[in-house]
Structure formats: structure tokens, C-alpha cells
Amino acid sequence: MRIGELARRTGTTERALRYYEEQDLLRPARRPSGYREYVETDVRTVRNIRTLLAAGLNTVTIGEVLPCMVTDGEALVPACPELSTVLLQDRERLTEAIDDLQAARRVLDAIIAGAGSPAARRVDACQPA
DNA sequence: ATTCTTACA
DNA sequence: TGTAAGGA
């Protein structure tokens, strides 16, 4: 099948599919015309890629993890033992990212609170971008 | 009508 | 990632 049909059947865009190929997540053959030719199993692969992307994994990690995942109906199941390590490591990365965002919010909250102080009323140059 | 590559007010 | 341009 060509890129248009795969995009339709996976709910993605052609742009995304070309990007996945660029990241070596997909390796469609080429027709003499230069058109990409995808196989049936690519439908499932693309769905798995999207799931992993939604889990916050980057394309490099997905490339390592993808071949070790088996699809059980709707769910993705780890098929290799070494996989849990990689996944747990990524979970920690997400936890750190969450911590950083919460810290940023606390800083912003402090600034917002300052808007109610008397000092804020002394300012004449109030032209917010 | 579809797809391809390249590039970015 | 969207999208426009210029070809095949």
C-alpha cells in the first residue's frame, strides 16, 4: 500500500510516516516510481510507534524497544527481559521532567503573587507584550 | 489525483 | 510537524 492509505488506516499524516522512516522506525520499499510501498504489518508497527510516542519515548528509544514488543490485541507487551530496564529508565526521565515543571510553576506562582503587592501599583510602565 | 523532496514569515 | 513550492 502507498503512504496515503497507511496514513488513513493509522490516523496519522503522511508527514509523520516519512518522519518515522527518516528515524529508521519504518523501512518501506520503493516502487520504480519512487513511491514508498508499505506492507500490511506496517499498520500495526505505526500504531505501536504512536503508542510509544504517547508514552513519552523518543524515536531512538522506540527504535530499540520496538523490535522487542509484541502486540496483544490493543496492548503492547514487552517481549524481551532487558526491556523493563530501558522502560523504567525512561520513567525516571519523565519523573525528572515533571519535577522541573513543578519547580517552574512554583517560581511563576511567586511572581503572580507579587502582582498583588503595593510595589506593583507604583509602576507606570505597564504595557504587557 | 498522489506522491516526492526540500525548506522555512 | 504543518505547509508551500516545483516536479514526476
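Computed from a prediction, not measured in an experiment: that's the story for all the values here. Residue numbers begin at 1 in each chain, while the letters A, B, ... track the order of the sequences. Only heavy atoms go into these numbers, but all of them, side chains included; no hydrogens, no water, no symmetry mates.
Side-chain atoms of A:Asn58 and A:Thr61 form a donor-acceptor pair, as typed in the model, at a separation below 3.5 Å.
If you measure from atom OH of A:Tyr19 to atom P of C:dG2, you get 12 Å, rounded to the nearest angstrom. For the pair A:Arg18 CZ and C:dT1 P, the interatomic distance rounds to 13 Å; values are reported in whole Å. A:Leu17 has its CG atom 14 Å from the C1' atom of B:dC4, to the nearest Å. Taking atom CG of residue A:Asn58 and atom P of nucleotide C:dT1, one finds them 13 Å apart after rounding to whole Å. The distance between atom CD of A:Glu21 and atom P of C:dT1, rounded to the nearest whole Å, is 15 Å. To the nearest angstrom, P of C:dT1 lies 11 Å from CG of A:Leu25. A straight line from CG of A:Leu6 to P of B:dT3 spans 11 Å, rounded to a whole angstrom. Separating the OH atom of A:Tyr38 from the P atom of B:dT2 is a distance of 16 Å, rounded to the nearest angstrom.
If you take atom P in B:dT2 and the same atom in C:dG6, they sit 22 Å apart, rounded to whole Å. C:dA5 and B:dT3 have their C1' atoms separated by 14 Å, given to the nearest Å.
Put simply, A:Tyr35 has no side-chain N or O that comes within less than 4.0 Å of OP1 or OP2 on B:dA1. In this structure, A:Arg36 reaches the B:dC4 phosphate: one of its side-chain N or O atoms is under 4.0 Å from OP1 or OP2. Listed pair A:Ser33 / B:dC4 fails the phosphate criterion, with no side-chain N or O lying under 4.0 Å from OP1 or OP2.
Between A:Arg106 and A:Asp109, none of the side-chain N atoms (NZ, or NE/NH1/NH2) sits under 4.0 Å from a carboxylate O, so this pair counts as no salt bridge. A:Arg47 and A:Glu74 are not joined by a salt bridge, as no carboxylate oxygen comes within less than 4.0 angstrom of a charged side-chain nitrogen. Classification of A:Glu37 and A:Arg30 as a salt-bridged pair fails, no side-chain N sitting under 4.0 Å from a carboxylate O.
Base pairing of B:dT6: its partner is C:dA4, meeting the Watson-Crick or G-U wobble criterion (both donor-acceptor distances under 3.5 Å). Figure legend. B:dA1 is base-paired to no nucleotide; pairs are counted as Watson-Crick or G-U wobble with both atom distances under 3.5 Å.
A 6.0 Å sphere centred on CZ of A:Arg93 holds more than 12 heavy atoms belonging to other residues, nucleotides or ligands.
Nearest to the side chain of A:Arg30, among C:dT1, C:dG2, B:dT5, sits B:dT5.
Remark: the A:Arg15 side chain and the C:dT3 base include a donor-acceptor N/O pair separated by less than 3.5 Å.
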